[in-house]
Every structure is written in structure tokens, then in C-alpha cells.
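Reading through the C-alpha cells given below for one structure.
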Protein chains: 2
Amino acid sequence: MPSRKRDSISSLGERGLLRRIYARFSRTCPGVIIGPGDDAAALRVPASRALVASQDDLVENTHFERRWASPERLAGHLLAINLSDLAAMGEVRPLGCLVSAGLPRSLPASWALRLLAGLDRAAKRAGVAVLGGNLARSERIFLSMCILGAARADRLIRRSGARPGELLCGVGPLGEASAGVSLMRSGQPPKNHPLVRAFWEVRPQLKAGRCLAGLATSMLDNSDGLARSAEILAEESGVRIRVRMGEAPASRPLRLFCLARRLDLRLHQFKGGEDYGLIFTARRRDWPGLKRLLPQAYRLGGVEKGRGVVLEGTRRAPRSLFEHF
Amino acid sequence: MPSRKRDSISSLGERGLLRRIYARFSRTCPGVIIGPGDDAAALRVPASRALVASQDDLVENTHFERRWASPERLAGHLLAINLSDLAAMGEVRPLGCLVSAGLPRSLPASWALRLLAGLDRAAKRAGVAVLGGNLARSERIFLSMCILGAARADRLIRRSGARPGELLCGVGPLGEASAGVSLMRSGQPPKNHPLVRAFWEVRPQLKAGRCLAGLATSMLDNSDGLARSAEILAEESGVRIRVRMGEAPASRPLRLFCLARRLDLRLHQFKGGEDYGLIFTARRRDWPGLKRLLPQAYRLGGVEKGRGVVLEGTRRAPRSLFEHF
């Protein structure tokens, strides 16, 4: 057996870690029949509701680097990006989540315990039960979360409902998080730099999602950037999407970031990913009412007959800008 | 951008891979409202049933090595170990699964496509819908699956129900899979060696689980070995478990393996993990009826007042034998 470093998770052992997990997450939550610590969890899905499920991951050296990620922030981020997937389906009530953690044997025990504490805090704040999951030894950290929610099946908003003549709209930041990632990759920006916080402190748009049920004709979360989001809506709905960036919100720190790096602000906002706002389409006649319900919504262009994405001010449909491989 | 090797998944691209995934898994399945390709999936849980959910992973260099794992076998194994968690809860009907795959950029495209084909085949055979998941770039392969099923809440079998006076019982192999792992680690055994197949071709005990609902007083799947399983039942139920290996089944290849390596067969079977049979407790008076229903069940000892696990023929309660860290 390899030597166990005194402060590493191998000194806690799997069972030590599991005991802490069970102790932390075994509180009673509404709807939960069996929580962590058995072969499977069990929960009640409210009557006449469909189960909504999604899974999203954070992988070391792909989505974050250990030197710039605190475990608390990672845990909060993991839950937020998963909740964002529920928000993007419309009016979905989050129920619970399962989490797999792949952790290196040499990882400090304190790191793992802070991850648990961060997950606990974030889950409590969001009213989500941590139902179970898995622990595995892994050379690099990975965290995989499956999130479960409940919704009326006839209120779910898909990616395929956009029709010519409609508006393209958004809620949430555009380009702020990807600027934060650039700052973290290129140095050690202050932990509380607003662009760094824009990356870590994703606010899943659950309330906006609820407002948009019955109003948005298609929707998705903006995790891969507006360019890619528009492309997906166009492809799934069989339409062309024309993007106009004029109303897109841009914070002062983002403007300064683009100025300092000589980046075109609007192009940066069009391309940047990791924002987790919502991109959606809506009928023109619904816009005034929608704007009253959701004052932070903004217009981003329109839907036409055809294919692909056109960014106004450029000639070509831009090529895909975010590829994971 | 780093160079893209011609035959690697980076040449397919994330979108190319996603397109293949959607094409493969977007068939209609009973109960599925939204399948892969949206922000989240949606499905109907049968009325008056609880949702049962579990998550289990396969991590490169922890659970398998790439040189001895074919992608088809990995996919089948991933589904089987997850179904096993449902089986261990009793009478659970599998509904669907979500899969996260962390894949290296340099992985051959054919490997990823074979993984998909393997998952498709295994899911079809088991009647499980592949609902969605996530793709991420990762330096090492990991696969994380969340499995969803439905069950009557009052029929679920927990780990905490064992009472003094009851029998400890099992179904499924004991020690066969861990012998297969030893063979693979120490060389290149024939792909069809029965012990190697015992590891890869896990048969989730869903039928046995169904039979045992109402009969088993506590149950878990034997993924970490009988020693650990007995320890968990003892701890969760607040009892002592006395293990007698006399009735444990042992195949001829397993006997030969132990003979060749000068291993004590019974101790090897007691310790070995990765078998994914079921370990359970039952009232003595139920044993004859249980054996008629489930002829392949065997007795492994009994439940007493006290704590810990005693293996008959040894003095001390054995220390934990399977630690992931």
C-alpha cells in the first residue's frame, strides 16, 4: 500500500469521508424517502409532475485549475451550473442532486471537507437535497452532478420552438464570466474581482425560467456563449437567427477589460461562454408584457426563415467558437 | 489551438460526437417526454411510485486500465454496476440513465463511437432509456452514470433492517471478479477467460431483488466484497454478523486460480470485491420459502447481538479490506 500522507484524504480513508458525508447530508428534506448512505436514494416526485433531470461536470484542467479554484467555490459552481439546466427548461422546481467526486489520493483532507461544506451550504441555500453519489480515486479531480427537478410536462420549454418573426432575447450577463476566466488563466486577479466572481458565482436563472414558461417559445442556458447558443436554437428550430448586440448589458469592469486587452466588446460578448444566463425566443407581441414581468430581459435580435446565425455588422455566419475537444 | 490528430475525437469535435449521440439515443422510449439534446431530460414516473436514484462511476487507472478495457465492455459494465444499485433496493423498475463522459482529446474517435454503441446495446437489452448526460475533455477517462428507477416506497429494502437471530444470505458470485482483476493486472489473460468475464459481465440481480422484496430484512450489493458488505450491514443495523463460508459457491476456474496462487479460497471469497451479487438478511422461518423462490440463494452465516463482523475460523474481526483511497 502506498504511504498515506498525514493530511491527505487517504489518511481520512473512504469510510472516514463517507461518515462525514452521511452525517452532513442525512437531514430530513421534504420529499426525500431515503437519503445518502444506501445503495440508492428514493424520493417522491409531486403528483402530476414530470421528473426533469440533467447532469453536468467540472473537470480539473478543463473547467478549472486547482491553483485558482477554492473547494467552496467549486461546489457552489457545480450546483449552480446544474440548476441552470433546470432553469432553461422553464418552470422547474429543483428536488435533489447526486454527486460523484473523483479525488486524488494526495488531496489534502481539508480540501475534501471544505468541498463538502461548500456543497452543503449551496444546497441548503437552493433548497436542494443532496441525495447521494459516489466517491472514487482519480488522478485528477472531477465532479459530476445529476440534478433532479419536477415540472408540468406541458410547460417545458425546448430548444426547438423558435419560429420566423420572433425575437431573440436574453437574461443574465454576457461575456463577464469568460473575461474572469482569462484573468485567472493569465495571473492571480483578486479573489473578489467582479469578473472572477461572475465566473464562480453563477446565479442560476430559476426565477426567470419560471416567468418565461408560457412566454418563451424556445430556450437554453448560455453556458457555451451566445454564438453557440444562437447556433443551437437555429439548428434545433430549423431557422436563421440574426443577432444584434446593441441592447446587451456590459458592466464597467467588462468594458475596462476589453479596452485593456484591445478586444471588441460586442464580439467578446457574442463569443464568451460560462455565463449561464438564458437565451430564448419570444413572439414580438409578447415582448411588452414579458419586459414588465422580467425587466432585466433584453433583446438580442430576431428569428428569420433560413439557416445558421448572422451577427449584424459581420458578413459571414461565424464558425463555432466553443469546442470541448 | 493544439493540433488535432486525424483519428482522435478532437477530429470529430464535440458537436460531431453530440450529433452521433442524439441520433443514436433519441428513439422514443416509454415514459420519456424529452430525451437527449436539450438542457435537461424529462420523464414520467409511474403514479404512486417513488423515484429511486443512484450514481456510480468508472475511472481510468482506478477501476480499469485502458490496455485491458474495451469500450463496449466498459459501457456494459457501467450500466450493470448502476443497475445493481437499483437491484439492491428490492423491487425497482429501471427507467433511464444519464451519463457523463470525461474523455482525453487524443482518444481515438473509434473508441468513443464504440463506447456509444456499447452503451446503446446494453441499455436496449436492459430496457433503460439513455436520457442525456455530458461530455467533457479530461486527461484521464472517467464515466459517471446516474440511474433512475421507480419503486413502491414501502417495498424498498434498506441496509439497516438486520435483526439478531436472522440469517445472512447471498445470491451471485463471490470472489470471481476480483480474481479476474488480478489476472488482468498481472498479464494478458484470454478475453474470454471465465474470471475475466466475471469482472466485465456483471449480471445485475434485478430479478433476485424483485423476489426478495418483502423477504429480505436488509440488503446491499456486494461491490466492495463480502467482508465490507457484512461490516456495513452490521454497522447500519447495529448488530454483529457471523460469517460462515461453507455454502458459498465457487467455480472451478476460481478454485484453480486460488490453488495456483496459493490463496485460501474462502478468505479470497470473503475479501474479494467487484462481484455485484446481493448480500442480505432474512428471517430463519422465511428461508425455505425464499430458497424455493430463489434456488440460487445461499446462506452465509447469521446475525447476532453485538457489533462488527466475525469470520468463523478466525479469531479477530477482520479489518476493512477495501478502501478507495
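The sequence lines fix the lettering, A, B, ..., with proteins before strands; numbering per chain opens at 1.
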From [X] [atom1] over to [Y] [atom2], what is the distance, rounded to the nearest 0.5 angstrom?
X	Y	atom1	atom2	result
A:Asn134	B:Ile81	CG	CD1	7.5 Å
A:Ser160	B:Asp38	OG	CG	7.0 Å
B:Arg137	A:Thr62	CZ	OG1	4.5 Å
A:Leu98	B:Met145	CG	CE	13.5 Å

Between [X] and chain A, which part of the residue has a heavy atom less than 4.5 Å away: side chain, backbone, both or neither?
X	answer
B:Val99	backbone
B:Leu148	side chain
B:Arg140	side chain
B:Val52	both
B:Leu131	neither

Residue pair [X] / [Y]: nearest heavy atoms and the distance that separates them:
X	Y	result
A:Asp57	B:Ser100	OD1-OG, 2.8 Å
A:Ala136	B:His63	CB-CE1, 3.8 Å
B:Met89	A:Ile34	CE-CD1, 3.6 Å
B:Ala40	A:Leu86	CB-CD2, 4.5 Å
B:Gln55	A:Cys146	OE1-CB, 3.5 Å

Name the region of A:Ile147, side chain, backbone, both or neither, that has any atom closer than 4.5 Å to a heavy atom of chain B.
neither

Let's test your reading of the structure: which of [options] forms the most heavy-atom pairs below 4.5 Å with chain A?
options	result
B:Asp85, B:Ile232, B:Val92, B:Leu107	B:Asp85
B:Ser144, B:Gly132, B:Ala88	B:Ser144
B:Ala53, B:Gly31, B:Ala50	B:Ala53
B:Leu51, B:Val59, B:Ile157, B:Ile33	B:Leu51

Using only atom types and a distance under 3.5 Å, with no angle test, would you say the side chain of B:Asp221 pairs donor to acceptor with the backbone of A:Asp39?
no

Taking the side chain from A:Glu139 and the backbone from B:Asn61, do they hold a donor-acceptor pair closer than 3.5 Å?
no

Yes or no on salt bridge (Lys or Arg N to Asp or Glu O under 4.0 Å) for A:Glu14 and B:Arg228, after CA distance, side-chain angles and deciding distance?
CA-CA 12 Å; A:Glu14 187 192 18; B:Arg228 180 78 183 114; 5.5 Å; no

Answer yes or no: does atom CZ of B:Arg66 have more than 12 heavy-atom neighbours from other residues, nucleotides or ligands under 6.0 Å?
yes

Are more than 12 heavy atoms from other residues, nucleotides or ligands located less than 6.0 Å from atom CZ of B:Arg49?
yes

Quick one: which of A:Asp56, A:Asn82, A:Val45 has the most heavy-atom pairs under 4.5 Å with chain B, could you say?
A:Asp56

Looking at A:Arg19 and B:Glu235, is there a salt bridge between them, counting it only when a charged N and a carboxylate O are closer than 4.0 Å?
yes

